[in-house]
Each structure stands twice: as C-alpha cells, then as structure tokens.
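What you see below is based on every heavy atom in this structure, not just the backbone, and it leaves out hydrogens, waters and symmetry mates. If you read the sequence from its start, that first residue is 1, and numbering goes on from there. This structure is a prediction, so every number in the text was calculated from the model and none was measured.
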Amino acid sequence: MDIKQLKYFIEVANTKNLSHAARNLYVTQPTLSLAMKKLEEEFQVALFNQETNNYMLTQAGQYLYTKGSDLVQNFDEMMAEMDNMSRTHEHPLRVGLTILFVIQFMDEISHFIVHHKVDLSIIQDGSKQIQHLVAKGELDIGLVSFPNMYSETLVIDPLAKEKGYHVAVVMPKDHRLASRDSVTFEDLKNERFVTLNNHFVLGELLQKRSRDFKFTPNITLEHEDLQVLLYGVNQLDSICLLPHEYRQINDRDDVVWIDLDDKYASFDIGIATRRDQLRTDILNDFMTMIKQAH
C-alpha cells in the first residue's frame, strides 16, 4: 500500500460512492475500482460491505479508515512543512546589472525566473559599483564591463565579443561636430559634458582619458540615469559618452550619436563572481543561461 492508495480509500469511504470519489480524485472509475480491489487483496480482508449498494465500511475498513486518516493528515502536514522549509532556507540569487544589461538580457532573465525555483533579486548600478558589491559579498553575481578592478577577489568569465558595447559621443544635432563620422578626445577638449558618475566605467573613462589628453572636463551634470543624461545633452548644451547600443532603445530626434575614435572605445563584458564563492546549481544555471543568450 502507498499513500495514494490510502487517499483513494479514504475518499471512497467518505463519499460512499465510487463514481463521486473518482470525480473528486480526478481519476477514472475503473482505476479507482481496481485500486480498492488491490488494497483488499493486499490486506486479505474485505474493506467494504459487499451486501449493500453503497460503499459501507466493514470493521476492518473502519479500522483502516481511522488509522489511515491520521496517517494521511500527518503525511500532508509533513510535506507542507518540508516545502516551507525548502523555501525558507533557499538563498536568494542576488544579481547586479547595468541598465543596458537589464534591457539586453531581460528576456533570458524572465525565462530563468519562470523556470527556476529561486528568489531572484536584481540590483541596478554601474559596472564599477557592481564589481565592488560582488567583491564584498553583497551580490552573488554581476554582469559587468572589463577591466577587472578586483582581480585578487573576483573572477570575470568573458562573454562573446559581440555581447560587449562600443562608446558613442552623444551631442545635439546642431553641434559643430555633429556631421563627423567619429571624434577623438582631442576634439572634445573644450566641450561641456554630462556624464555617468564614478559607479560606471564610462564615468571613469572620461576622467582618465581627459587626463591623458591634458585637460579637465567641464562637467555640467553627473548622474546615473541614462534618460536624464540624454535630456541634459540638449538642455545643458553638452555632450555625453554612452554605450552606442543604448541608441536602439532610446533613439531621439534631437541628438546624434558619433563613434568615439579611441583605443578604449570598446568594452568587453563578462560575469563576475568571487574566487572563493561556492557555485551552487542555481548560480551555474544562471551563468549558463547568460552565456547562451543570443
């Protein structure tokens, strides 16, 4: 006898009708009839009184019903508690993404949430800050831009080259450089900038390359929201360094996107985890999903 047979028996005893019990259990009547026959054969005793049309219990059937009801209730309570414990002790997967990566990988992430029993927590920030949070153990995994700024603590598994991004200079469409195919940092010395803050690799790129070209950038606005920066390009008559791939998400008529001609104008991306981190099945599944994303 297994727990399913016992549940079948209890439902027949409660309804005293094979047809009603079969309907309540979502099984066919022949299936239920065969299950009752096998149960009686196993115990070698009649469980139902064969002299009545209704399924009335015999003395042995009444004993099995009483003891079996307690057993089924305890079993169901145990299963519910075990399920609750598994949910309670299941660690959430804490993922760090930039806004660009959220958009690029949202279909895969949504599919992952649907098909995995996991509490997925997404933190949106810049690549520099995400690397910092993963290194501190405050995030389990991050989709980040290279370079690895915490090489002693982090390992970054590179994604395919085509999944990286390229830097564009966004400017008002009537800007003096707007007709160019590309611009260099040398061309930008006297410009006003709206820029991502120091949580982002591009925020650091502006500071680093301006020093290399011996000028201090005239920054009119620093922000982490790409929408705010695009708005500021026109309102503050400034230019901005942004991933060229973001253009397909928010292509405005009042700005132009010019390629940045610079040796640091392209960034590879990868998946950052701590070197000493235990890679759970869920973490490995998430990494595989991102690597296989088109």
Side-chain angles (χ1 to χ4, degrees), residues 1-95 97 102 105-123 137 139-141 271 273 277-294:
M1 180 187 69
D2 59 30
I3 197 71
K4 182 171 71 174
Q5 286 178 302
L6 189 54
K7 287 184 175 183
Y8 283 1
F9 166 77
I10 290 172
E11 186 61 27
V12 173
N14 285 334
T15 61
K16 299 179 176 61
N17 184 288
L18 200 66
S19 177
H20 292 170
R23 184 185 59 209
N24 293 343
L25 293 166
Y26 300 100
V27 298
T28 64
Q29 189 168 326
T31 296
L32 196 55
S33 178
L34 181 61
M36 295 304 97
K37 181 179 180 181
K38 287 184 175 179
L39 204 57
E40 290 184 325
E41 290 175 350
E42 181 177 352
F43 288 117
Q44 297 184 346
V45 65
L47 300 175
F48 299 99
N49 192 332
Q50 302 298 320
E51 297 179 359
T52 64
N53 291 327
N54 292 329
Y55 278 72
M56 303 298 295
L57 294 173
T58 62
Q59 184 177 0
Q62 186 61 54
Y63 178 84
L64 180 62
Y65 178 85
T66 301
K67 296 294 185 180
S69 296
D70 291 338
L71 183 60
V72 167
Q73 181 179 351
N74 290 336
F75 178 85
D76 288 342
E77 289 175 354
M78 177 193 69
M79 294 300 294
E81 185 61 24
M82 291 299 294
D83 181 67
N84 183 60
M85 289 173 66
S86 70
R87 292 175 184 272
T88 300
H89 292 89
E90 184 177 64
H91 295 292
L93 184 61
R94 303 164 300 172
V95 180
L97 300 168
V102 168
F105 293 96
M106 185 48 66
D107 287 345
E108 288 78 15
I109 293 172
S110 298
H111 185 271
F112 185 85
I113 293 173
V114 169
H115 292 87
H116 289 73
K117 182 182 174 183
V118 61
D119 180 11
L120 187 65
S121 174
I122 296 178
I123 304 299
L139 289 175
D140 300 307
I141 189 171
I271 306 173
T273 54
Q277 185 171 354
L278 176 64
R279 292 196 175 183
T280 63
D281 290 341
I282 286 294
L283 184 62
N284 284 328
D285 287 350
F286 185 85
M287 294 178 67
T288 299
M289 176 272 296
I290 292 296
K291 290 177 179 179
Q292 293 177 347
H294 297 293

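- The environment of Asp70 atom CG is dense: over 12 non-hydrogen atoms of other residues, nucleotides or ligands sit within 6.0 angstrom.
- Between the side chain of Thr15 and the main chain of His20, no donor-acceptor pair closer than 3.5 Å is present.
- Considering Phe9, Tyr65, Phe48, Tyr8 in turn, Phe48 is the only one that fulfils the ring pair (Phe, Tyr, Trp, His ring centres under 6.0 Å) rule with Tyr55.
- In this structure, CD1 in Ile282 is found 13.5 Å from CE in Met287, a value given to the nearest 0.5 Å.
- Here the straight-line distance linking atom CG of Asn17 with atom CD of Glu11 works out to 10.5 Å at 0.5 Å rounding.
- When side chains are defined from C-beta on, Leu283 counts as touching Gln277, because their heavy atoms get closer than 4.5 Å.
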request  = Start with the C-alpha distance between Leu139 and Val95, add both sets of side-chain angles, then the distance that settles side-chain contact (heavy atoms from CB on, under 4.5 Å), and finish with yes or no.
outcome  = CA-CA 6 Å; Leu139 289 175; Val95 180; over 6 Å; no

Checking Lys37 against Glu41 for the side-chain contact (heavy atoms from CB on, under 4.5 Å) test, could you report, in this order, the C-alpha distance in whole Å, the side-chain angles of both residues, the deciding distance, and whether it holds? CA-CA 6 Å; Lys37 181 179 180 181; Glu41 290 175 350; 3.4 Å; yes

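- Take His111 and apply the side chain to side chain contact (heavy atoms under 4.5 Å, CB included) test, not counting sequence neighbours, and it matches His115.
- Contact check for Leu18 versus Ser33: side-chain heavy atoms found under the 4.5 Å cut-off.
- Rounding to the nearest 0.5 Å places CG of Leu93 at 9.0 Å from CD1 of Ile122.
- The closest side-chain heavy-atom distance from Ile290 to Phe105 is below 4.5 Å.
- In this structure, the side chains of Arg279 and Thr273 come closer than 4.5 Å at one or more pairs of heavy atoms.
- The minimum heavy-atom distance between Ala60 and Ala46, with the atom names listed, is CB-O, 3.9 Å.
- The number of heavy atoms from other shown groups lying within 6.0 Å of CD (Gln44) does not exceed 12.
- Atom-to-atom distance recorded for Leu6:CG and Lys4:NZ is 13.0 Å, nearest 0.5 angstrom.
- For the pair Leu57 and Asn49, the minimum side-chain heavy-atom distance is 4.5 Å or more.
- When side chains are defined from C-beta on, Gln5 counts as touching Glu42, because their heavy atoms get closer than 4.5 Å.
- Side chain of Glu108 to backbone of Met289: no donor-acceptor contact under 3.5 angstrom is found.
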For this session: For the pair Val12 and Met36, evaluate side-chain contact (heavy atoms from CB on, under 4.5 Å) and give the outcome as yes or no after the intermediate values.
Result: CA-CA 9 Å; Val12 173; Met36 295 304 97; 4.1 Å; yes

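- Between Asp285 and Thr280, the closest side-chain pair of non-hydrogen atoms is not below 4.5 Å.
- The line from OG of Ser69 to CG of Leu71 is 9.5 Å long, rounded to the nearest 0.5 Å.
- Contact of the Leu64 side chain with the Leu39 side chain is registered, since non-hydrogen atoms from C-beta on lie closer than 4.5 Å.
- Note: Met56 CE to Gln62 CD = 9.0 Å, rounded to the nearest 0.5 Å.
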